[in-house]
Amino acid sequence: MSAETIVRKKKKFADEPNFSEKKEYRPENVKETGLAFVGHEISDDGKAMNQFLHYDQLYTIRHGLNSKFFKGLLEGKIWATRCPKCGDTWVPVRTHCWNLDCNLEKTEWVEMPLTAKVHTWTIAGWSGRSSLKRLPIILVYAVIGNSKVAIANELHGIEPRDVEFGMPLKIVFKQKEERKGIITDFHFEPADGWEPSPMNPEKERIQQLVEPVYKWVQTLK
Ligand SMILES: [Zn+2]
């Protein structure tokens, strides 16, 4: 390969942005090794966000073209991406369209409403150490707005037996100063005005399954 060919070759990677907005929230005197987000940085032009995850050792997560989604969480917003050709919309976001006819069309950003509906769900009766006292935990895959895919998060403010497929949800963010630009900055709750359906055999069955979990949690210090 001649030198000339190399010069003409398309530049594969953009220059690395300068990161000057940086936050550290690593707790002091951490003894337990585990999983924790300990900081993040945002580039001068606001387009790129990196996060620092401590999981036995320190990892840097470079969000690249997906950065706007994570920055949006800091601001209490849900950003999705949309294909300008076919209109398909995604949250979690895609950088390029998945439809073959769109030939990997680059997506554009669109802000989503803070509403969703349950696609599917499960009840966690066991978890990592940091969440044990919150068991049982309702985990849902929920469709936000008109997204073509579902996103996983916790559902609060409802008895495990009362969750229903397709039920309407609202997105509730933590207080601004508590947000870290991570998925746990928000959770789902039933939409205002939603009422659970009356007791039925399936709800009885779920109630019997979760009762020992509640009892066990009470034994934790
Ligand atoms: Zn498309």
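Just follow the structure's listing: the first ligand is 1, and inside any ligand the first atom is 1. Treat the numbers as computed from the prediction; the structure is a model and nothing was measured. One-based numbering along the sequence shown.
- Using modelled atom types, no side-chain atom of Ser127 and backbone atom of Gly125 make a donor-acceptor pair closer than 3.5 Å.
- By the criterion of side-chain heavy atoms lying less than 4.5 angstrom apart, applied directly or through intervening Ile, Leu, Val, Met, Phe, Trp or Tyr residues, Ile137 is not grouped with Ile158; the two fall into different hydrophobic clusters.
- Applying the 6.0 Å contact sphere to CD of Glu178 captures more than 12 heavy atoms from other residues, nucleotides or ligands.
- Between His119 and Tyr141, the ring centre distance reaches or exceeds 6.0 Å.
- With a cut-off of 2.8 Å, the protein N/O/S atoms near the Zn ion (ligand 1) add up to 4.
- The aromatic rings of Trp98 and Trp90 lie perpendicular to each other, with more than 60° between the two planes, well past the 30° mark.
- With salt bridges taken as basic N to acidic carboxylate O contacts below 4.0 Å, none links Asp185 and Lys180.
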